[in-house]
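Heads up, the thing below is written out as structure tokens.
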Number of protein chains: 2
Amino acid sequence: MMAHPAEPARYTGSGKLRPEEQIYREMLGAILDRRLEPGMKLVEEDLAKTFGVSRARIRSAFLQLAHDKLINLVPNRGAFIAEPGINEAIEVFSARRMIEDGVVRKVTTHMTPDRATQIRDHLAAEHQAQHDGDHRARIILSGEFHLLLARLAGNLVIEEFLERLILRSSLIIAMYESPLPPDCSHDEHDALLAALTGGDPDAAAACMARHLDAIRDRLQLDHRKPGKTDFARIFGRHPDKAAG
Amino acid sequence: MMAHPAEPARYTGSGKLRPEEQIYREMLGAILDRRLEPGMKLVEEDLAKTFGVSRARIRSAFLQLAHDKLINLVPNRGAFIAEPGINEAIEVFSARRMIEDGVVRKVTTHMTPDRATQIRDHLAAEHQAQHDGDHRARIILSGEFHLLLARLAGNLVIEEFLERLILRSSLIIAMYESPLPPDCSHDEHDALLAALTGGDPDAAAACMARHLDAIRDRLQLDHRKPGKTDFARIFGRHPDKAAG
DNA sequence: GCACACAAAATTGTCAACAATCTACTGGCA
DNA sequence: TGCCAGTAGATTGTTGACAATTTTGTGTGC
């Protein structure tokens, strides 16, 4: 009769627990890798056959992805990979600035040797990926750096929100990144570590603000990468304002 | 062949568009009014019969509520009204401090006469509710005040997140509010208006921080209101550490 | 009397068929 | 030819029945 909330059993392991979680992750990876391109339609039955599951499972995964704003669910029309516009991109990074400002302040004022080590270990992994030329790992680790800080801030609410925001950022970056990314993110992360352990919250917050602005400014928000199905851009025409 | 994202058709009107949205709102209201008490189990079929819809609809509403952290979805066990603990309460208000700090700064620096009027109009409604002794309207309007500020900050990402956070806050307040709430929230909102139009972002941010801390401190986090089904508290015993 | 195993009931999870909707195509008409 | 209505196909939305699981109830042995 008493409610036992218990934990929602969210095994994040790569194992085969919860098929729909597995599907969610596969699709997530495909979207962030641009194997599924922005605007592309996702047909339920095709995916169901591909993954060997029922349509209901696909639908459930859609709900999660839509919740993360990685796909658009249009009633009676279906699911489409999200196409965040310039405005949305700016708002996402603006939101991150607001939130991560508070995060770095908290982390800075509550820094401990153990936490500093955690950050340093993570940076080492980032450098390794950079050295190996592993582009995908670099992007993932780069996002997880920010997530680590949120975790260190000790606020689960913020952590969960930032996790979603980072996914959205990843899609935006995938859409708008410049062809030859200098991607000095790891350098900026180094600078952040210095600021975080420096003990000055204002300085750390400023450093994070600069970092996020830098990521945003490295984007080419007026030149989104054309996808294979993006005929409008491929042929240099816009379907709306088309003219001989 | 091209995707038309379109809008997700979120009619917020009280009409009968989208039955599951209607059900979501009904349950939401019941939870925040404590007609559905924290810890209470929600049986799908009972609700389905009550609302005259299929179980699937109820299930869909559950998903939204779980997403807002207003209910817990436990696999194979069912749905339970959330029981945010002390820790969670603190984290929610801490998160709001971080976010609304940025919000009020942005609103302050971009204040216009029109926006000030919008805020003033809202405060008038709050005072009216206070005068009428309409407790429910006061709580709702009090939350919407913060949401208005988020909207004025012009960031949809933040706005949506804060909306959910305010719902969570409402549940927490319903659980832990002191029996005789002085609830001078509207006075504090008056002070906020002054700070927001004062042009000093730091002052406005400090004012908001004080306000949120005050809300939190008015809670009796060590004395949650017992529900009808909360036997542990009713009988002054804890099921875990039970002893003759 | 208590603990355990077993059975019955209640509840949630899943799926596959059917209905509703949208898209693409065909053919007729001006 | 170009436009529009009507139709066939493809896709999404919904439901009800069935399977799996948990909870409750019962009885037996110690």
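A quick note: this is a predicted structure, and the numbers were derived from the prediction, not measured. Just so it is clear: chains get the letters A, B, ... in the order the sequence lines come, proteins before strands, and each one is counted from 1.
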What nitrogen or oxygen pairs link the protein and nucleotides 17-21 of chain D at under 3.5 Å?
none

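- Not a single donor-acceptor pair under 3.5 Å links the side chain of A:Lys106 to the backbone N or O of A:Gly154.
- Put simply, the side chain of A:Glu20 never gets that close to the backbone of A:Ser60: no donor and acceptor are under 3.5 Å apart.
- Residue A:Arg59 is in base contact, counting any heavy-atom pair closer than 4.0 Å across all strands shown.
- In this structure, B:Ser54 reaches the D:dT15 phosphate: one of its side-chain N or O atoms is under 4.0 Å from OP1 or OP2.
- Rounding to whole angstrom units, CZ of residue A:Arg18 and C1' of C:dT14 are separated by 15 Å.
- Every residue two or more places apart in sequence or in another chain that forms a side chain to side chain donor-acceptor pair (under 3.5 Å) with B:Asp101 is listed here: B:Arg105.
- For A:Lys49 and C:dA16, the NZ to C1' distance is 15 Å, given to the nearest whole Å.
- Rounding to whole angstrom units, CD1 of residue A:Ile58 and P of D:dT11 are separated by 15 Å.
- Checking D:dT22, C:dT12, C:dC15 against every side-chain atom of B:Arg77, the shortest atom distance belongs to D:dT22.
- Between the CD atom of B:Glu45 and the P atom of C:dA9 there is a distance of 16 Å, given to the nearest Å.
- The salt bridge (charged side-chain N to carboxylate O under 4.0 Å, His left out) check on A:Asp213 picks up A:Arg97, A:Arg216, with sequence neighbours excluded.
- When rounded to the nearest whole Å, the span between NZ of B:Lys41 and C1' of D:dT24 equals 12 Å.
- Map A:Val53 and B:Glu44 each onto its nearest nucleotide of DNA chain C; the residue landing nearer the 5' end is B:Glu44.
- Applying the salt bridge (charged side-chain N to carboxylate O under 4.0 Å, His left out) test to B:Glu160 and every residue at least two apart in sequence or in another chain returns A:Lys69.
- Atom CZ of B:Phe51 and atom C1' of D:dT14 are 19 Å apart (whole Å).
- Looking at B:Asn155, its side chain does come within 3.5 Å of a backbone N or O of B:Val157 through a donor-acceptor pair.
- Checked against a 6.0 Å centroid threshold, the rings of B:His146 and B:His122 do not count as neighbours.
- Summary for the helix from C:dG1-D:dC30 to C:dA30-D:dT1: the axes at its two ends, each from 5 pairs, differ by 10° when rounded to the nearest 10 degrees.
- What separates CD of B:Glu20 from C1' of D:dT12 is a distance of 14 Å, to the nearest Å.
- Partners of A:Glu45 according to the side chain to side chain donor-acceptor pair (under 3.5 Å) rule, which considers only residues two or more places apart in sequence or in another chain, do not exist here.
- Put simply, CG on B:Asp46 is 6 Å from P on C:dT11, counting in whole angstrom units.
- A distance-only check finds a donor-acceptor pair linking the side chain of B:Thr50 to the backbone of B:Asp46 [under 3.5 Å].
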